[in-house]
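Notes follow the structure.
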Amino acid sequence: MAITTAMCTSFKKELMEAVHNFKNSGGSTFNLALYTSSASLGAGTTAYTTSNEASGTGYTAGGGALTNVTPTSSGTTALTDFNDLTFSSSTITARGAMIYNTQTGGGSGTTDAVAILDFGADKTSTNGDFTIQFPTADASNAIIRIA
C-alpha cells in the first residue's frame, strides 16, 4: 500500500466536462480527508473512500471543508488554492490526504477525487492542532495549477 502525490487523472478529464467549479462564491464544495499509511491512493483514485481513512479525537469521517481561494492566473498558468485547514484539539495520525469534491457525480460517484497528498511520513497530533498548510498560491507552488 502506498500514497502517491498526484492530481487525479479522473479530475483532469472532469475539468474538460465542467464537473468542478472552483468559484469562491457559488462553486463546488471541496473537502480534505486524512488517510493512514495503509491507504492506497494516487493518480488512479477516482472518489472519496472510507477505506484506511484516519480516525481519532477531533476528526470526523469525510474530513473537513476547504475554503476556496478564487482561481486566478499568472503568466500562462491558471491556479487555485485553499485556505489552511486545522483539525483543532485532535489526536490523529495520518500519512496523506485526499482533496475531493463533495457535490459531484461526474462518473465516479458522488465524491470525485481531485488530488492526493503524500506527507512523506506519518504526521501526528496529540490533543493539539493538526494543520494542513497549503503552499503559496502562485504559478510555481499552488496546490492546483495548470500550466
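All values derive from a computational prediction rather than experimental measurement. What you see below is based on every heavy atom in this structure, not just the backbone, and it leaves out hydrogens, waters and symmetry mates.
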(request) Using atom types as modelled and distance alone, determine if a side-chain donor or acceptor of Tyr48 lies under 3.5 Å from a backbone N or O of Gly62. (result) yes
(request) Would you check if Thr72 and Leu79 make a side-chain contact, meaning some heavy-atom pair closer than 4.5 Å? (result) yes
(message) Just so I know, are the side chains of Thr9 and Thr46 near enough to count as touching, which here means a heavy-atom distance under 4.5 Å?
(response) no
(message) Can a donor-acceptor pair be found, under 3.5 Å and without considering hydrogens, that links the side chain of Ser90 to the backbone of Gly128?
(response) yes
(request) Taking Asn21 for its side chain and Lys23 for its backbone only, find out whether a donor-acceptor pair lies under 3.5 Å. (result) yes
(request) Give the minimum heavy-atom separation between His20 and Asp112, together with the two atoms involved. (result) CE1-CB, 3.8 Å
(message) Within this structure, what is the CD-CG distance for the pair Glu53 and Leu41, rounded to the nearest 0.5 Å?
(response) 10.0 Å
(request) Would you indicate whether the side-chain heavy atoms of Thr4 and Asp118 approach each other to under 4.5 Å? (result) no
(message) Ser28 and side-chain hydrogen bond (donor to acceptor under 3.5 Å, both in side chains): which single residue from Asn68, Thr102, Asn101 fits?
(response) Asn101
(request) Could you check if a side-chain atom of Lys12 sits within less than 4.5 angstrom of a side-chain atom of Cys8, using non-hydrogen atoms only? (result) no
(request) For the pair Thr136 (side chain) and Asp138 (backbone), establish whether a donor and an acceptor sit closer than 3.5 Å, ignoring hydrogens and angles. (result) no
(request) List the steps, then state whether side chain to side chain donor-acceptor pair (under 3.5 Å) holds for Thr91 with Thr126. (result) CA-CA 4 Å; Thr91 300; Thr126 304; 5.5 Å; no
(request) Please round to the nearest 0.5 Å and tell me the distance separating atom CD1 of Ile3 and atom CG of Asn52. (result) 8.5 Å
(request) Write down the atom of Ala33, the atom of Tyr100, and the distance for their closest heavy-atom approach. (result) CB-CE2, 4.0 Å
(request) Working to the nearest 0.5 Å, report the span between CZ of Phe82 and OG1 of Thr67. (result) 9.5 Å
(request) Considering non-hydrogen atoms only, spot the tightest contact between Ala43 and Ala6 and give its length. (result) N-CB, 3.6 Å
(message) Distance check, rounded to the nearest 0.5 Å: Ile116 atom CD1 versus Thr45 atom OG1?
(response) 4.0 Å
(request) For the residue pair Ile144 and Val114, establish whether any side-chain heavy-atom pair is separated by less than 4.5 Å. (result) yes
(message) Could you see if Val19 belongs to whatever hydrophobic cluster contains Ile146? Use Ile, Leu, Val, Met, Phe, Trp, Tyr and a side-chain cutoff under 4.5 Å.
(response) no
(request) Find the distance between OG (Ser140) and CZ (Arg145) and round it off to the nearest 0.5 Å. (result) 7.0 Å
(message) Whether the side chain of Asp84 engages the backbone of Phe134 through a donor-acceptor N/O pair (distance < 3.5 Å, no angle test) should be reported.
(response) yes
(message) Between Thr36 and Asp122, is there a side-chain heavy-atom distance shorter than 4.5 Å?
(response) no
(message) Over 60° means perpendicular and under 30° means parallel, so tell me whether Phe30 and Phe22 are parallel, tilted or perpendicular.
(response) parallel
(request) Could you check if a side-chain atom of Asn31 sits within less than 4.5 angstrom of a side-chain atom of Ile99, using non-hydrogen atoms only? (result) no
(message) Applying a strict under-4.5 Å side-chain criterion to I, L, V, M, F, W and Y, I'd like to know whether Ile143 and Ile132 cluster together.
(response) yes
(message) Let me confirm one number: the CE-OH distance from Met98 to Tyr35, rounded to the nearest 0.5 Å.
(response) 3.5 Å
(message) Please find the pair of heavy atoms, one from Ser88 and one from Asp129, that lie closest to each other, and give the distance.
(response) CA-OD1, 3.3 Å
(message) Less than 4.5 Å apart, side chain to side chain, heavy atoms only: is that true for Asn83 and Leu66?
(response) no
(request) Over 60° means perpendicular and under 30° means parallel, so classify the ring planes of Phe119 and Phe130, tilted if in between. (result) tilted
(request) Write down the atom of Ile92, the atom of Ala54, and the distance for their closest heavy-atom approach. (result) CG2-CB, 4.1 Å
